[in-house]
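The structure displayed is predicted, hence computed values, not measured ones.
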Amino acid sequence: MRRILAVLIVVVAAIAVFADSKTETIEQLKARAEQAKPADQVKLFMEIAQRQLAAADKAYQAGDADTGKVAIADVASYGERAGKAAVETGKRLKHTEIDLRKITDRLEGIRRSLSVDDRPPLQDASERLEKVRTELLNRMFKGKS
């Protein structure tokens with residue numbers, strides 16, 4: 001009986017933590033990421049980049065290019081920070097590279113749907129993230145030939 005109660009408590013606590021992380025605002029997530037240990041920052045920075053990418057996509061679909069540009073700037077900035085933290089700590093290298101590849105693919109899809117005048121920030125962000133991906137790949141495969 002006690003084991004069942006202990007398992008139930010753990011499950012409820014895990015659900016509460018998961019639900020809380022989904023309702024956390026971007027600003028709260030940014031503040032938590034700044035205070036986190038470098039190894040934990042990789043995942044948090046990547047989560048910020050992914051959430052800002054979704055926000056940028058929604059903004060562009062709604063015709064709000066200015067809000068989209070701000071969100072895209074965060075995507076590039078936090079993607080770069082995630083990559084830098086991954087290289088420095090050696091943690092989540094593969095996951096970060098894969099996530100950055102997915103982000104650049106999605107950036108390209110969004111870019112193609114926009115007018116020519118709205119495309120440069122997305123192109124810039126994509127190029128910046130490709131450089132980070134290259135650094136990650138070099139770090140992962142250094143010395144292997």
- prompt: Who pairs with Glu135 by side chain to side chain contact (heavy atoms under 4.5 Å, CB included), at least two apart in sequence or on another chain?
  reply: none

- prompt: Who passes side chain to side chain contact (heavy atoms under 4.5 Å, CB included) against Ala54, sequence neighbours left out?
  reply: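 For Ala54 the side chain to side chain contact (heavy atoms under 4.5 Å, CB included) partners, ignoring immediate neighbours, are Arg106.
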
Going by side chain to side chain donor-acceptor pair (under 3.5 Å), name the residues that satisfy it together with [X], two or more places apart in sequence or in a different chain.
{"X": "Glu27", "answer": "none"}
{"X": "Gln61", "answer": "Asp57"}
{"X": "Asp64", "answer": "Thr67"}
{"X": "Ser126", "answer": "none"}

I need the [X] [atom1] to [Y] [atom2] distance, nearest 0.5 Å.
{"X": "Leu136", "Y": "Lys131", "atom1": "CG", "atom2": "NZ", "value": "14.5 Å"}
{"X": "Ile98", "Y": "Arg133", "atom1": "CD1", "atom2": "CZ", "value": "9.5 Å"}
{"X": "Glu97", "Y": "Met140", "atom1": "CD", "atom2": "CE", "value": "5.0 Å"}
{"X": "Lys102", "Y": "Leu129", "atom1": "NZ", "atom2": "CG", "value": "15.0 Å"}
{"X": "Asp124", "Y": "Lys69", "atom1": "CG", "atom2": "NZ", "value": "12.0 Å"}
{"X": "Lys43", "Y": "Ile48", "atom1": "NZ", "atom2": "CD1", "value": "13.0 Å"}

task: For residues Ala125 and Ile72, report the shortest heavy-atom separation together with the two atoms involved.
output: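 Heavy-atom minimum between the residues: CB-CG2, 3.7 Å.
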
- line: For Ala49 and Gly79, the nearest pair of non-hydrogen atoms, with its separation, is CB-N, 4.0 Å

message: Side chains of Ile103 and Leu107, heavy atoms from C-beta outward: is any pair under 4.5 Å?
response: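 With C-beta onward as the side chain, the pair touches.
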
task: Decide yes or no for Arg32 and Glu24: does some side-chain heavy atom of the first lie under 4.5 Å from some side-chain heavy atom of the second?
output: yes

statement: Cluster membership besides Ile26, Ile/Leu/Val/Met/Phe/Trp/Tyr side chains within less than 4.5 angstrom, sorted by chain and number, is none

message: Could you list the cluster mates of Val70? Members are the ILVMFWY residues connected by side-chain heavy atoms closer than 4.5 Å, either directly or through other members.
response: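 None; Val70 is a cluster of one.
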
- prompt: Does anything in residues 48-75 pair up under ring-ring contact (aromatic ring centres under 6.0 Å, His included), and if so which pairs, sequence neighbours excluded?
  reply: none

task: Would you check if the side chain of Arg111 reaches a backbone N or O of Leu122 as a donor-acceptor pair within less than 3.5 Å?
output: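 A pair under 3.5 Å: no.
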
Do any side-chain atoms of residues 86-94 form donor-acceptor pairs under 3.5 angstrom with protein atoms, and if so which ones, sequence neighbours left out?
residue	atom	partner	partner atom	Å
Thr89	OG1	Ala85	O	2.8
Thr89	OG1	Lys91	N	3.2

query: Are any of the side-chain nitrogens in Glu108 or Arg112 under 4.0 Å away from the carboxylate oxygens of its partner?
result: yes

Residues in salt bridge (Lys or Arg N to Asp or Glu O under 4.0 Å) contact with Glu127, at least two apart in sequence or another chain: none

- prompt: Given the rule that I, L, V, M, F, W and Y join up when any side-chain heavy atoms are under 4.5 Å apart, are Val132 and Met46 in one cluster?
  reply: yes

message: Under the side-chain hydrogen bond (donor to acceptor under 3.5 Å, both in side chains) definition, can you give me all pairs with a residue in residues 73-84, not counting sequence neighbours?
response: Lys30-Asp74, Glu34-Arg81, Gln52-Asp74, Glu80-Arg128

